[in-house]
Number of protein chains: 2
Amino acid sequence: MRTSSVEQLILDLFAGQPVETAHFTAQEIYLQLKPQLPAVNPSTIYRALERMTRSGKISISDMGKGAAVFEIVGKERHHHLVCETCHQVITLSDDTIRPLFDELSRQFGFEMTTNHLVLFGHCPACRRKK
Amino acid sequence: MRTSSVEQLILDLFAGQPVETAHFTAQEIYLQLKPQLPAVNPSTIYRALERMTRSGKISISDMGKGAAVFEIVGKERHHHLVCETCHQVITLSDDTIRPLFDELSRQFGFEMTTNHLVLFGHCPACRRKK
DNA sequence: TGACATAATGCAAATCTTTGCGTCTGCAAT
DNA sequence: ATTGCAGACGCAAAGATTTGCATTATGTCA
Ligand SMILES: [Zn+2]
Ligand SMILES: [Zn+2]
Ligand SMILES: [Zn+2]
Ligand SMILES: [Zn+2]
């Protein structure tokens, strides 16, 4: 797998950003790359994102933004709770989720690849307001 | 919230199908409704699905089909493991997941609304083949 | 270096999905 | 029954994403 110039630029986009909060949609990535690659074709970005997801460099998730978001895969896994009312995003340490994944692996002989879980609900503040 | 004719037809689509395996994309639903509603506009279907998801009649998930799938919300929650290689779908009883959700609710005061979790990985058979 | 195989890209068309806006329909108060 | 309102719908345009195919770039091997 050759590391294309576009892939490198996408990685650069994420670099320097805090891993847990840098969630970009394909469009956002496309628009952020426009200045450096004025002539780049959207399909090139979409294909690069697909490749990078497949090879585990980035992850793809639905965080309720209406479009899938991509995130760099770091050393430490993390997950999120997203409030459907105020859209607040809470980050969960992997310790919260690992026991479940381990148990599923054990029970079903299933090797988990999901590495960024996003769970929806209502945060304490929004629950009180109702 | 009035129950529109389109909503009723969508519910009919799911009725009679086993809850845990009837996962349809918006397109599939649109095409299945075509015979009964030859003149229906795609946007009407998309909007109905959005309403029904918001009101909790159906759920929306990514099951790796390339497009979101909708499923009727039944009495009993369930979840899935999806093999990324052979696309096999394993159904999990809610008992497997409920403890995690309960713990998150307790710990963060968060009321979970996610009711159909889909986790990706590699099934035992595909792991052996590698 | 030169030829070849493979991967990446551009481009255009096809799809899929969303959105704005005007119209239509069902329900309820009068 | 008539009116008024809100929700549902059609339609067309915009926007987002995917796909097929031709072209270009890169790495490998002789
Ligand atoms: Zn994250
Ligand atoms: Zn909230
Ligand atoms: Zn299901
Ligand atoms: Zn498999």
Side-chain angles (χ1 to χ4, degrees), chain A residues 1-14 23-72 82 84 87 118 120, chain B residues 1-14 22-72 82 84 87 116 118 120:
Chain A
M1 192 66 50
R2 200 176 305 169
T3 296
S4 74
S5 53
V6 168
E7 285 191 28
Q8 189 52 56
L9 285 175
I10 292 175
L11 291 175
D12 291 349
L13 256 194
F14 285 109
H23 304 117
F24 301 130
T25 67
Q27 274 301 305
E28 287 166 350
I29 291 172
Y30 172 60
L31 293 177
Q32 291 191 65
L33 254 47
K34 244 345 189 6
Q36 304 154 69
L37 290 175
V40 77
N41 196 279
S43 64
T44 300
I45 306 292
Y46 284 100
R47 280 194 271 233
L49 290 171
E50 203 263 329
R51 279 199 306 272
M52 297 169 77
T53 301
R54 197 152 21 82
S55 68
K57 292 178 194 159
I58 60 179
S59 69
I60 178 172
S61 324
D62 173 13
M63 298 197 52
K65 292 222 284 179
V69 295
F70 298 88
E71 178 178 310
I72 193 85
V82 177
E84 288 183 327
H87 308 109
V118 181
F120 295 91
Chain B
M1 193 66 50
R2 198 179 309 167
T3 297
S4 75
S5 53
V6 169
E7 286 192 29
Q8 189 52 56
L9 286 175
I10 292 175
L11 292 176
D12 292 348
L13 257 194
F14 285 109
H23 303 119
F24 301 131
T25 67
Q27 275 300 305
E28 288 167 349
I29 292 171
Y30 173 60
L31 292 176
Q32 290 192 64
L33 253 46
K34 248 331 191 19
Q36 305 155 67
L37 290 175
V40 77
N41 195 277
S43 63
T44 301
I45 306 292
Y46 285 100
R47 281 195 270 234
L49 290 171
E50 202 263 328
R51 280 199 306 273
M52 295 167 77
T53 301
R54 195 150 24 83
S55 68
K57 292 177 193 160
I58 60 180
S59 69
I60 179 172
S61 324
D62 172 13
M63 298 197 52
K65 293 221 284 178
V69 295
F70 297 88
E71 178 178 311
I72 193 84
V82 177
E84 287 182 328
H87 308 108
H116 189 242
V118 181
F120 295 91

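Keep in mind that what you see is a predicted model, and the values were worked out from it rather than measured. All chains are named by letter (A, B, ...) in the order of the sequence lines, taking the proteins before the strands, and each is independently numbered beginning at 1.
Nucleotide D:dT17 holds its P atom 14 Å from the CD atom of A:E50, rounded to whole Å. We find that OH of B:Y30 is positioned 12 Å from C1' of C:dT17, with the value rounded to whole Å. Regarding A:L9, its CG atom lies at a distance of 14 Å from the C1' atom of C:dT9, rounded to whole Å. What separates NZ of B:K34 from P of C:dC16 is a distance of 11 Å, to the nearest Å. The CG atom of B:N41 sits 13 Å away from the P atom of D:dA13 (whole-angstrom rounding). In this structure, the CD1 atom of B:I45 is 13 Å from the P atom of D:dC11, given to the nearest Å. Between the CZ atom of B:F24 and the P atom of C:dC16 there is a distance of 17 Å, rounded to whole Å. Rounded to an integer number of Å, the gap from CG of A:L33 to P of C:dG10 is 11 Å.
Few gaps surround NZ on B:K65; more than 12 heavy atoms of other groups in view lie less than 6.0 Å from it.
Here ring-ring contact (aromatic ring centres under 6.0 Å, His included) pairs that include residues 24-72 of chain B, with residues two or more places apart or in two chains, are B:F14-B:F24.
Annotation: side chain of A:V69 is not in contact with side chain of A:E28 (no heavy-atom distance under 4.5 Å). B:L33 places a side-chain heavy atom less than 4.5 Å from the side chain of B:I10.
Between the CD1 atom in A:I58 and the CZ atom in A:R51 there is a gap of 10.0 Å [rounded to 0.5 Å].
Taking side-chain N and O atoms only, B:Q27 has no distance below 4.0 Å to OP1 or OP2 of C:dT15. Between A:Y46 and D:dT18, a side-chain N or O to OP1/OP2 separation shorter than 4.0 Å is absent. Look at A:T44 and you'll find a side-chain N or O under 4.0 angstrom from OP1 or OP2 of C:dG10. For C:dA8, neither phosphate oxygen OP1 nor OP2 lies less than 4.0 angstrom from any side-chain nitrogen or oxygen of A:S43. The side chain of B:R54 contributes no N or O atom lying less than 4.0 Å from OP1 or OP2 of D:dG7. When the side-chain nitrogen and oxygen atoms of A:R51 are compared with OP1 and OP2 of C:dA8, one or more of them lie within a distance under 4.0 Å.
The 5' end of DNA chain D is approached more closely, in terms of each residue's nearest nucleotide, by B:V40 than by the other of B:G66 and B:V40. Closest-nucleotide positions on DNA chain D for B:A39 and A:T25 were compared, and the one nearer the 5' end corresponds to B:A39. If B:A68 and B:R47 are placed on DNA chain C by their nearest nucleotide, the residue sitting closer to the 5' end is B:A68.
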